[in-house]
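A quick write-up on the structure given underneath.
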Amino acid sequence: MGYTEPRLPFRKWEQYALADQLRRSSKAICANLAEGFAKQTHSKPEFARFTSMAIGSCSEVETWISYAFDLEYITQAQRDDWLQSYARVYGMLVNLREKLR
């Protein structure tokens, strides 16, 4: 998941904004799980709700990855590798949510 020079002359701020959005949505997955886990002692449905939000953040990451590829900021190999990783995370989150119901 190394840095790849863009092939098109996009402005640097666009690259940084996209990278920032990827980071924030990735972190939101973990943050939602942590917050939901902390609340599970009071309410399992609340943990399931936060797990659903984490699933939404995972889908957002997948969208930004595809967007980065479309803008030629990352290679097809990087996109495929990242999307495969997030598909595994997505599957784990769905399984967790099902166990909480």
Side-chain angles (χ1 to χ4, degrees):
M1 292 190 202
Y3 173 77
T4 302
E5 283 292 325
R7 291 181 224 131
L8 297 174
F10 290 102
R11 295 182 186 128
K12 286 287 184 193
W13 68 267
E14 289 176 321
Q15 295 172 34
Y16 295 125
L18 180 57
D20 181 58
Q21 192 60 43
L22 267 165
R23 277 191 291 276
R24 286 192 289 141
S25 53
S26 293
K27 290 176 184 177
I29 296 168
C30 299
N32 280 311
L33 287 175
E35 186 171 353
F37 183 79
K39 293 181 178 192
Q40 79 171 337
T41 57
H42 306 298
S43 171
K44 285 220 186 276
E46 190 72 358
F47 189 18
R49 186 173 77 83
F50 277 91
T51 302
S52 291
M53 287 189 281
I55 290 169
S57 294
C58 192
S59 294
E60 182 181 350
V61 169
E62 291 171 337
T63 299
W64 291 123
I65 290 169
S66 294
Y67 188 60
F69 174 74
D70 291 345
L71 292 174
E72 298 185 0
Y73 291 150
I74 62 174
T75 65
Q76 183 169 353
Q78 287 172 310
R79 182 198 67 174
D80 294 347
D81 182 49
W82 294 359
L83 288 177
Q84 185 178 41
S85 294
Y86 274 92
R88 284 194 303 267
V89 171
Y90 184 89
M92 288 187 282
L93 291 170
V94 168
N95 288 337
L96 174 60
R97 184 179 60 190
E98 291 305 312
K99 290 183 187 299
L100 293 169
R101 290 186 175 175

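Values below: all heavy atoms of this structure, side chains included; hydrogens, waters and symmetry mates excluded. Quantities reported herein were computed from a predicted structural model and do not represent experimental measurements.
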I'd like to check the side chain to side chain contact (heavy atoms under 4.5 Å, CB included) partners of Lys27; sequence neighbours left out, ordered by chain and number. none
Expected output: side-chain Asp20 to main-chain Tyr16 donor-acceptor under 3.5 Å: no
Quick check: is Leu93 connected to Phe47 through a chain of hydrophobic side chains (ILVMFWY, heavy atoms under 4.5 Å apart)? yes
Distance, nearest 0.5 Å, that separates CG of Leu83 from CD of Gln76: 10.0 Å
Find out whether Tyr67 and Leu71 are in side-chain contact, i.e. whether some heavy atom of one side chain is under 4.5 Å from a heavy atom of the other. yes
Joint cluster assignment, Met92 & Met53, ILVMFWY side-chain distance < 4.5 Å: no
Contacts of type side chain to side chain contact (heavy atoms under 4.5 Å, CB included), residue Ser43, not counting sequence neighbours: Pro45, Glu46
Under 4.5 Å between side-chain heavy atoms, hopping through other hydrophobics if needed: is there a path connecting Val94 to Phe50? no
Would you list the pairs meeting side chain to side chain donor-acceptor pair (under 3.5 Å) in which at least one residue belongs to residues 90-101, sequence neighbours left out? Ser52-Arg97
Between Ile65 and Ile74, which heavy-atom pair has the shortest distance, and what is it? O-CD1, 3.7 Å
Distance col, row Ile29:CD1 vs Ser57:OG, nearest 0.5 angstrom, shows 6.0 Å
From OG (Ser25) to OH (Tyr86), nearest 0.5 Å: 7.0 Å
Is there a side-chain contact between Leu33 and Leu96, using heavy atoms and a 4.5 Å cut-off? yes
Rounding to 0.5 Å, atoms CD1 (Ile55) and CD (Glu60) come to a distance of 14.5 Å
